[in-house]
Amino acid sequence: MSTMATAVHDTVTQALPTPGAGPRLMHTPVHSIAPSLTNPRKTFDQAKLQELADSIKASGVHQPVLLRPLPAHRLEDTHREARANKRPAPEFELIAGERRWRASQLAGLAEIPAMVRPMTDTEALEAQVIENLQREDVTELEEAEGYEVLMRTGNLNADQVGAKIGKSRSYVYARLKVLDLCQQAREALREGKIDFSKSLLIARIPDETLQVKALDFCLGRAGYYGPDAPSYRACAVHVQNNFMLKLSSAKFKITDATLVPKAGSCRECPKRTGANPDLFQDVDSADVCTDPKCYHAKEEAHSVAIKKAALDSGAHIIEGREAKALMPSPYSGEVKGYLRLDDKNDSPTDKPLRKLIGKAMEQQGIKPTLVANPHKDGELVAVITPDQAEVLLKAVNQEEAAAKIEQGAQLVADLDKRQAAAQAKTAFEEQWRWDLLTATWDQIRNGTHEAPSDAVMRGIATTMAKGLNQDRAKKLCKLLDLGKVAPVAGLLQYIADTEAPADALQLMVMFQDVEYRYWIAPSEANTALLQVAQDYGVDLDKIKAQAKANQRAAAKAKADREAAKAAAPESASTPNPAAQTIPTREGGKAKGAKGKTTPAAQARATAPKTTKAEAAAQIAAALAETEGNQDQAPTAHGNEGAPAPAGGGAGDAAPSNSAAPVGPSVAWPFPNGWAEATATDSAAAPAGEAGADAETGAAVEGGRLKGGDVATVKATAANAKWRGRKVVVMGIGATIKVRQADMPPAKAERCSFFAEDLEALE
């Protein structure tokens, strides 16, 4: 081993007690050796130490220990201890071989072979660390601690340490990294609960809280893998997906050192994978952030800066609940009632709207509304209304694109109306069935009826009650006033205790059949409920009439509330985003000064906008239209007609558990694609027919459709792409879900249509 120069602040050992210089091999009395204070090895297995002592007793010490003359700074403490124990003072300090020295004392040896070498403190520590690292049972943590000591005391870098121990630079860095483990992860590694490879994945996460979360996953505590711990590959994927973020996807400028001054630029950040490629060889990019907290802090700072700049420029920002109402889906990115300027899916051409009308917007001083995406922190979506887009497209001579915008707006309006009618239809169908059950239950409780034996009825009712889930049982418990705790158990107890098991059984029969199942034909639906009601003389028409009247009154009350709210003066701090610079229409044209129509005049006028009150009124109108269709429907089998609850008004009725689908939510862009929108699309079947279709279970030409049937999409369907296609029915509700008939199910495209858009094949 090469001798290093004495450091400036190093302690020089005293001279050898015997003449001569340099290393000497000699037999040294065990009592003349003092243990080192800097030996990295702190614990010794007593059982294994005794085994070594037995071996030394039998055959002696085969390898000399390494000593140096006792340093001057240790003379005082070692001599004091020797006097206290009444033995000679030590002359040497043990550098390497403490286990052999301890075992020799256990074996009763008086002397031990030793190599005595003059060494500085730094040389002694380096020799101890390297000797310790060459043990077969050294742990990764001990290795890491040893490398850290070498680098700190010897002023070495990773390459130099690797050269001394015969390891690569990346090997040394990987070992050193585990020193960044939090205490819980260190203990897990020390106890063998995780191996080194998994511990390294955790150690690369710079936040202790996130390290604990990653440790839970690697130990199998997260529950993804049951009682078994996940594999290294699964852990690596989890850590990269959950605790690393691609800087290439960042919405902020990664070289901006002012966003979070304490963090500085991402390019110079040591937590970027590219700052230490040896440590992140498994990550395929140099621009990956390993500190999610810092990343999200920069996102937030960027969002605040963007909002401030937008407000300073006079832009209007929609956020919070209003933004969530406009962007309910975390996947589509659509903004209801608006067109996104920078998304070509909202453009009538293959270019985003901003490329088409951006200059015109700037020239005419039109500022887009900004919607704070509720699903992506820091994202502001620039939007304008369809009316704004239409006028601006005309201003830049994009007449064809403007026409498509207008057609799309009409299609969306039609779909809105259909959806409102379908929602009203579903609510009505659910309501009258529940009202019928409650009215019949009142008749059952207050009357007499012949029935089978109590034991039989009680047993049947109990069996039916056991099949209810907690939510459904709660509805009956509310009707029976049994409380909210343990609803199934409470219902079973009621059936066991009631003196009228026949009544309980009839209630269970009705409840099992009370739901509105939109896919079942009216003549086949709710037969058990209707039969029990008929037996007790409950007036079904009265029940339906009352449910309809209650629904109409609720819709009118909502419209009145919205109208009152709209009439209230708006706050100056919340300008109407759609009423910025779009003209009012008169005779289909925007009117400018002195009756002339100019693009500039168009841009300065006020945009028409559907208010909440108007929207509520449209829904009320759709409801009335739906009711008109219902009034004309047949009343065979008591399934059609009109209501009034005998046993509690509509306000007491509980909603049905099964919510029938009411069609796709309507948003921009129109889902069929701008390029396919035509004049015939907007002339598709009127919204009133939607109620009729829902009423008849989606009856279409050629017979009633059901799951598995093959049909053809009519030429009048709004979705031009699907016209004439043969399709297979997958599900029927307010809309009918279909797939291509000429493709395997796994590869077939899927779509939804209203009943009048399909023609059944014989």
Side-chain angles (χ1 to χ4, degrees), residues 321-322 324-325 328 336-337 413 415-442 471 474-475 478-479 514-518 526 529 538-568 610-633 639-663 665-666 687-688 690-695 733-734:
R321 291 184 178 179
E322 191 177 355
K324 194 165 186 178
K336 287 187 175 181
L415 282 176
D416 272 330
K417 196 173 182 182
R418 290 185 182 189
Q419 186 177 17
Q423 289 172 332
K425 168 65 180 173
T426 298
F428 167 72
E429 294 292 347
E430 291 177 345
Q431 189 65 58
W432 75 254
R433 285 165 171 79
W434 181 255
D435 290 346
L436 182 62
L437 180 147
T438 56
T440 306
W441 176 240
D442 279 346
D471 289 336
K474 283 179 183 177
K475 291 185 66 177
K478 182 177 180 181
L479 177 65
V514 74
E515 294 183 8
Y516 168 44
R517 299 178 176 92
Y518 51 87
N526 307 105
L529 170 65
V538 178
D539 190 338
L540 176 61
D541 290 343
K542 188 177 179 182
I543 293 287
K544 286 189 173 183
Q546 185 61 47
K548 187 180 296 183
N550 291 337
Q551 192 179 48
R552 188 186 300 114
K556 183 178 183 304
K558 182 177 180 181
D560 291 344
R561 287 195 303 272
E562 295 293 351
K565 186 175 179 181
T610 301
T611 64
K612 290 185 178 179
E614 291 170 343
Q618 287 178 1
I619 293 175
L623 173 60
E625 188 172 354
T626 301
E627 292 168 355
N629 289 318
Q630 291 164 351
D631 291 338
Q632 299 170 10
N639 250 354
E640 311 297 315
D652 298 327
S656 171
N657 286 324
S658 62
V662 293
S665 61
V666 180
D693 289 331
E695 185 74 21

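Quick caveat, the model's predicted, so the values are computed rather than measured.
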_Return the CG to CH2 distance between L529 and W434, rounded to the nearest 0.5 Å._
10.5 Å

*Would you indicate whether the side-chain heavy atoms of L436 and N526 approach each other to under 4.5 Å?*
no

*Locate the shortest heavy-atom distance separating P328 from A325; write the atom from each residue and the value.*
CD-O, 3.6 Å

*Are any non-hydrogen side-chain atoms of K324 and R321 less than 4.5 angstrom apart?*
no

_Residues E429 and R433 bridged, charged N to O under 4.0 Å_ = yes

*Closest contact, heavy atoms only, Q551 versus F428*: NE2-N, 3.4 Å

*Under 3.5 Å, is there a donor-acceptor pair between the side chain of T426 and the main chain of Q423?*
no

*Work out which heavy atom in A547 is nearest to a heavy atom in Q431; give both atom names and the distance.*
CB-CG, 4.1 Å

*Which heavy atom in L479 sits nearest to a heavy atom in L437, and how many Å separate them?*
CD2-CD2, 3.8 Å

